[in-house]
Asks: 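Before I ask anything, let me first share the structure, which is written out below as structure tokens.
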Protein chains: 2
Amino acid sequence: MTIQKKTYHHGDLISSLIKAASDILQEEGVEGLSMRKLADKVGVSRTAPYHHFKDKNELLCAIAEAGFKAQEARLQSLLSSHEASEKRFHRYVYQYIEFADTQREVYDLMYGRLIWKTGTPTSSLKDASKQTFKRWLDWVEQLQEDRVLPSNNSALRVGQASWASLHGLSRLLIDGIYLDRNDIQAMTEQMIQTLTQPASS
Amino acid sequence: MTIQKKTYHHGDLISSLIKAASDILQEEGVEGLSMRKLADKVGVSRTAPYHHFKDKNELLCAIAEAGFKAQEARLQSLLSSHEASEKRFHRYVYQYIEFADTQREVYDLMYGRLIWKTGTPTSSLKDASKQTFKRWLDWVEQLQEDRVLPSNNSALRVGQASWASLHGLSRLLIDGIYLDRNDIQAMTEQMIQTLTQPASS
DNA sequence: GTCTAATCTTGACAGTGTCAAAATAAAATT
DNA sequence: AATTTTATTTTGACACTGTCAAGATTAGAC
């Protein structure tokens, strides 16, 4: 237990902030996450966080970055399993959707407008995101060789397109449009069939 | 020219508001659209808009609704063309992406979190969105008959999945992730190939 | 021409992100 | 051990946001 309290110096503000922010995020969404409320929750004054994160934007980037790391770790662990390539891909799709569904707020941060358009992604976040995408592309290449994904185009294009599809499904789920919770499984299954090469009967 | 000024009663506030709001939206994004700024632009006091729209949310819903109407009109006009079914579908995909790309802020409103998750979609907006989707499903059914889209599943599932894919691509474009402007055409092409049934050689 | 309903304004409140300057404590240096 | 430097944290302030309540102004109905 590394808990020390009531001292003027908090001792571990940076990680406390990220942790508390992640909690608020999951419970109340980004809208409920304000710098002031966050500071209050950690037990520190309004502007204290600003000495560790230049911006609210930087805080959010840090959380998103952790999300990418987590997502990549999951992919990595899946890839280390001994399993048929196709089966593995199927599992990945389910895993991806599940990640987006259970960590919706983090997912939204990772790929959402708030950081990438409205805000300014940290270079460190950009790196993490690029790396995650690169890992995906490498795997796509292999999936093409294994005839799981189509080879009608470069790994980049196939990777972009298929990932865009997964992303689209995730978004609809998260935002709750045209699609409710009960449809998840059927949709995921259908998505897999669309993405994968039709079996040569 | 229906311009009348300096009268206490504006005369045509409702539509003026929507119009001005749409302008701000396109130029500065949702972040730049505040009720106060909007009122100012129209030349009216801060709270005047609140007598025509209960909420900022309601204003946004109105804009989004107009977007759905526009989108549906475009689909309708495309459907009335005499053209091979497949070709028509291809054109639709291009058209869809182009809509999302040029009207990004409206598109974001139509399908984004701000209204559907954070806010509360107007029942009138819900209707418009549902109808747009239903029109799409009807067409999907026909596309299946024409062997343009796969028939491995119900029109609902195929429609949801393929639309999710289009949506995902649009989002990546809008938010600018993993994908830049130069990739649009190639990606759209690849998306079409993924979605459509492979030709039985 | 008076009354009523529609429309618009002023004032106010609580909340937001964030900057500048001052306060405090810990670490480094003498 | 005393002093200086650096790392932290706080208080005060500003401009901005959405929106409510109460009052002012005007248009249309009778």
Side-chain angles (χ1 to χ4, degrees), chain A residues 2-21 24-25 27-64 109 113-115 117-122, chain B residues 2-21 24-25 27-64 109 113-115 117-122:
Chain A
T2 351
I3 300 174
Q4 48 200 113
K5 267 186 170 175
K6 297 297 177 189
T7 64
Y8 189 90
H9 284 198
H10 180 283
D12 196 20
L13 236 195
I14 317 97
S15 57
S16 288
L17 284 173
I18 295 191
K19 175 136 186 157
I24 297 181
L25 196 67
E27 288 167 20
E28 311 180 43
V30 228
E31 299 79 21
L33 173 54
S34 82
M35 291 299 265
R36 295 168 108 108
K37 212 154 87 180
L38 172 62
D40 207 58
K41 179 162 185 167
V42 175
V44 92
S45 90
R46 301 138 250 158
T47 62
Y50 283 87
H51 295 87
H52 301 273
F53 299 95
K54 175 178 145 284
D55 253 347
K56 183 178 187 179
N57 177 70
E58 273 203 356
L59 210 213
L60 297 179
C61 283
I63 297 178
L109 232 46
R113 161 196 192 105
L114 186 56
I115 285 183
K117 181 117 191 262
T118 303
T120 316
T122 300
Chain B
T2 352
I3 300 176
Q4 47 200 114
K5 267 185 173 177
K6 298 295 177 189
T7 64
Y8 189 90
H9 284 198
H10 180 283
D12 196 20
L13 236 196
I14 315 97
S15 57
S16 289
L17 284 173
I18 295 192
K19 175 136 185 156
I24 297 181
L25 197 67
E27 289 166 20
E28 311 180 44
V30 227
E31 299 80 20
L33 174 54
S34 82
M35 291 300 265
R36 295 169 107 108
K37 212 154 88 179
L38 172 62
D40 207 59
K41 179 162 185 167
V42 174
V44 92
S45 88
R46 301 138 251 157
T47 63
Y50 284 87
H51 294 89
H52 301 274
F53 299 95
K54 174 179 146 285
D55 252 349
K56 183 178 188 180
N57 177 69
E58 272 203 356
L59 210 213
L60 297 179
C61 284
I63 298 178
L109 232 46
R113 161 196 192 105
L114 185 56
I115 286 183
K117 181 118 191 260
T118 303
T120 316
T122 301

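Quick note on labels: first sequence line is chain A, next is B, and so on, each numbered from 1. Note that the coordinates shown come from a computational prediction; the quantities given were computed from them, not determined experimentally.
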Asks: Would you kindly give the CD-to-C1' distance between B/Glu28 and D/dT17, to the nearest whole Å?
Replies: 15 Å
Asks: According to salt bridge (charged side-chain N to carboxylate O under 4.0 Å, His left out), does anything in residues 35-57 of chain B pair up with another residue at least two apart or in another chain? List the pairs.
Replies: B/Glu28-B/Lys37
Asks: Could you give the CD-to-P distance, from B/Glu31 to D/dC16, as a whole number of Å?
Replies: 17 Å
Asks: Rounded to the nearest Å, what distance is computed from the CG atom of residue B/Asp12 to the C1' atom of nucleotide C/dT7?
Replies: 13 Å
Asks: In whole Å, what is the span from the CZ atom of A/Phe53 to the P atom of C/dC19?
Replies: 16 Å
Asks: Sort me out a list of protein N/O and nucleotides 13-16 of chain C N/O pairs below 3.5 Å, or just none if empty.
Replies:
| from | atom 1 | to | atom 2 | distance (Å) |
| --- | --- | --- | --- | --- |
| C/dT16 | OP1 | A/Ser34 | OG | 2.9 |

Asks: Measure the distance from CG on B/Asp55 to C1' on D/dC20 and round it to the nearest whole Å.
Replies: 12 Å
Asks: Which nucleotide wins on minimum distance to the side chain of B/Tyr50, given the candidates C/dC8, D/dT19, D/dT10?
Replies: D/dT19
Asks: When you compare the side chain of A/Pro49 with that of A/Val44, does any pair of heavy atoms fall below 4.5 Å?
Replies: yes
Asks: How long is the span from the CD1 atom in A/Ile63 to the CZ atom in A/Phe53, to the nearest 0.5 Å?
Replies: 8.0 Å
Asks: Check whether any side-chain heavy atom of B/Arg113 lies under 4.5 Å from a side-chain heavy atom of A/Val30, and answer yes or no.
Replies: yes
Asks: More 5' along DNA chain C: A/Arg46 or A/His51, using each one's nearest nucleotide?
Replies: A/Arg46
Asks: Could you state the atom-to-atom distance from CD1 of B/Ile14 to C1' of C/dA6 in whole Å?
Replies: 11 Å
Asks: Taking all heavy atoms of A/Ile115 and all of A/Ala64, pick out the closest pair and write down the distance.
Replies: CD1-CB, 3.8 Å
Asks: D/dT11 base to A/Thr47 side chain: any donor-acceptor pair below 3.5 Å?
Replies: yes
Asks: Under the side chain to side chain donor-acceptor pair (under 3.5 Å) test, which residues partner B/Lys117, sequence neighbours left out?
Replies: A/Glu105
Asks: Look at A/His52 and D/dT9 and indicate whether a side-chain polar atom (N or O) is within less than 4.0 Å of OP1 or OP2.
Replies: yes
